[in-house]
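One structure below.
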Amino acid sequence: MKAFTYERASSPEQAAQMVARTPNAKFIAGGTNLLDLMKLEIETPTHLVDVNSLGLDRIEATPDGGLRIGGLVRNTDLAADLRIRRDYPVLSHALLAGASGQLRNAATTGGNLLQRTRCPYFYDTNMPCNKRTPGSGCGAIGGVTRQHAVIGHSDACIATNPSDMAVALRVLDAVVETVQGDGKTRTIPIAEFHRLPGGTPNVETVLAASEMITGVVLPKPLGGVQLYRKVRDRASYAFALVSVAAVIRKDGGSRVALGGVAHRPWRVEAADARLADGARATMAELLADARPQPENAFKVTLAERTLAAVLAQARI
Amino acid sequence: MARVSLQVNGQAHSVDLDTRTTLLDALREYLKLTGTKKGCDHGQCGACTVMIDGRRINSCLTLAVMNEGRRITTIEGLGTPEAMHPMQAAFVKHDGYQCGYCTPGQICSAVAMLDEVKAGVPSHVTADLLAAPDLTPAELRERMSGNICRCAAYSNIVDAITEVAGGTG
C-alpha cells in the first residue's frame, strides 16, 4: 500500500474542503472497497479524509412522504430499517443479496454507490485496463468474459457495476444528494449518477473529485409487489451474473431494472410499459441493443428467465 | 505515523502506527493479540472477524486509525480456556472446526450474528421481511456466509450456533 496522510472531518462541508485542497485525496467511510484496492495499489490516494463522524447516519422522513437516507447509513442498518422493509422492500432485498454480514455492517450507502467494478482485469495489475490505467487497453475484450457487460459497453471497457443496492435505487428513482468543496450542494437523479464507459471508463460517476454524497432520497412509496432476484455462481456472498429489481403493480406503473449486465444499473423506461405483456416482450425492449461477448450471451437469456420467475412470483 | 488509542477487550492501548496499518495488523503485530487470524486480507474469508461496538466486521478492511475510541472485542475478549464463552464451548462440544484457523473469526461472527437476529435484522433467505427471523439452518448458513471454513466443518458449526441460540443443537 502506498503511504498516505490521514485526517478526520467533522462536517460534510469540511470533508469536501479537505479533499478539495489536498491533491490526490479521497474520502474514506466503511473502507471495504477502497482499502482492498489500496492494498493492490489500484487506488493510490496520498491523503485520506475520514468521514465516519459526520452525523450522516440517520434515515429521516421527507415532507413529501419519502425518506432521506444519510450517506453514512450502513448497509445492514438500511436493510433492517422498518420503514425500508415495509415501504421499499426491493431495497432491503437488494442490500441483503449483496456481500456478507461483516461487509454490510461496515459498508455505507454512499460508498456502495461508488464501489468499483469487480472485473478481474481491473484487479489484475499485470493486465491492461482502461479503467485502471487510461489508454492501456482492455484485457477483458477477447479474454474471459463470462461476468461482463452485454449492453451499454464500449470498445474501451466491458466492465459491469457490481452494486445490488444501486439496481434497487434505480427502480425506485432515488435521488443522490451531494456537497462540494466550495459548499455548493446539488441533487442528481440516480439515472444520471453512473456513467456508461464510452472512451473514459475511468470516470464512473458524474461526481466532481471533491464532491461527497451526503444522502440518498427515496420518493414516496410505490407500493405493489417489490422483488429482487439475483442469480450468481454460489448461493450467497457472490456478485450477480444477472439480477432483476422489480416493482409490480396491478394498476400499471410497474418497473424493472437489471444488475450485472452493464456499467450501471440498467433500466429503459419504455420497457416498464411492457411488463404486463410478460418477460419476453419486456426484455425485447430492455435489452434490444444488447451486444454480448462470446462467453456471456447466456446473460440475455438468463435475464429474461429471471424476469419471468419474478413475474410469476409477483402473481402468487 | 499516527498515535492511536484503541480500546480492546476492555483495555486501553496507545500505539504509534503507520497510517496504513489495518486494525487486524495492529491487533496481531502491535498488541500481540494473535487470536484474530489473517486469511485472505481482502475481506473474502472472515478469519479476521472482530466486533466493533458490538458489530462484526472484517478487521483487515478497516484502518487502525479509523477505530480510535471504538470498543473492540476479539476472540481473547470473549472467553479464556478456563472460562469459555458459551459459543466457544459449543464449538468444542460440536467439533465445529478441524484445523481451527477460521475458528476465532467464526465464533466472533456467530456471537454478533445472534445479536443481529435478536435486533430483527433480516437476511437474504428471510421470507417475510416484516416477521421475526427464524433461526433455521438455512438462515444460519446465509448469515454466516462471510466466514469460510476450508475444512468444511459447516454442519457442525451450524449445530454449535443452533445450541447457543436455544435450539436443539
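The chains referred to below are lettered A, B, ... by the order of the sequence lines, with proteins before strands, and numbering in each begins at 1. Being a predicted model, the structure only gives us computed values, none of them experimental.
Atoms CG and CG, on A:Leu35 and B:Leu63 in that order, are 4.5 Å from each other to the nearest 0.5 Å. Put simply, CZ on A:Arg86 and CG on B:Leu130 are 8.0 Å apart, with the number rounded to the nearest 0.5 Å. Taken from OG1 in B:Thr19 to CD in A:Glu7, the straight-line distance is 12.0 Å, to the nearest 0.5 Å. To the nearest 0.5 angstrom, B:Glu116 atom CD is 6.0 Å from A:Thr76 atom OG1. Considering NZ of A:Lys39 and OG1 of B:Thr22, their distance stands at 5.0 Å, rounded to 0.5 Å. The line from OG of A:Ser100 to CD of B:Glu142 is 9.5 Å long, rounded to the nearest 0.5 Å.
Within a 6.0 Å sphere centred on CZ of A:Arg229, other residues, nucleotides and ligands contribute 12 heavy atoms or fewer. Applying the 6.0 Å contact sphere to NZ of B:Lys37 captures more than 12 heavy atoms from other residues, nucleotides or ligands.
Interface remark: A:Ala29 contributes backbone atoms only to the contact with chain B (heavy atom separation under 4.5 Å). Heavy-atom distances place both the backbone and the side chain of A:Asp36 under 4.5 Å from chain B. Proximity to chain B is absent for every atom of A:Lys230, based on heavy atoms less than 4.5 angstrom apart. The contact between A:Ala97 and chain B is made by backbone and side chain atoms together, counting heavy-atom distances below 4.5 Å. Interface residue B:Thr49: only side-chain heavy atoms are found under 4.5 Å from chain A. With a threshold of 4.5 angstrom between heavy atoms, A:Leu34 does not approach chain B through any atom at all. In this structure, chain B has heavy atoms under 4.5 Å from both the backbone and the side chain of A:Asn105. For a residue to count as touching a neighbouring chain, one of its non-hydrogen atoms must lie under 4.5 Å from one of that chain's; by this rule A:Ile28 touches chain B with the side chain only. The contact between A:Ala3 and chain B is made by backbone and side chain atoms together, counting heavy-atom distances below 4.5 Å. For B:Asp41, the parts sitting under 4.5 Å from any heavy atom of chain A are the backbone and the side chain alike.
Between chain B and the residues A:Met38, A:His93, A:Arg74, A:Arg234, the largest count of heavy-atom pairs under 4.5 Å involves A:His93. Interface check for chain A: of the options B:Cys60, B:Ala2, B:Ala112, the most heavy-atom pairs under 4.5 Å are formed by B:Cys60. Contact tally against chain B (heavy-atom pairs below 4.5 Å) for A:Leu82, A:Asp81, A:Asp77: the top residue is A:Asp77. Taking chain A as the reference chain and counting heavy-atom pairs below 4.5 Å, the highest number among B:Arg55, B:Gln44, B:Met144, B:Arg141 is found for B:Arg55.
Shortest non-hydrogen contact noted between A:Phe4 and B:Arg20 is CE2-CG, 3.5 Å. The shortest non-hydrogen separation linking B:Gly43 to A:Leu103 is O-CD1, 3.9 Å. Contact detail for B:Leu129 and A:Ser92: the closest heavy-atom pair is CD1-CB, 3.7 Å.
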Assess whether salt bridge (Lys or Arg N to Asp or Glu O under 4.0 Å) is satisfied between A:Arg85 and B:Asp128, documenting all intermediate values. CA-CA 9 Å; A:Arg85 284 191 271 155; B:Asp128 181 357; over 6 Å; no

Audit row: B:Met66, A:Arg8, side-chain contact (heavy atoms from CB on, under 4.5 Å) steps and yes/no: CA-CA 9 Å; B:Met66 291 163 66; A:Arg8 208 170 286 143; over 6 Å; no

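You'll find the side chain of B:Leu61 stays beyond 4.5 Å of the side chain of A:Gln102, heavy atoms only.
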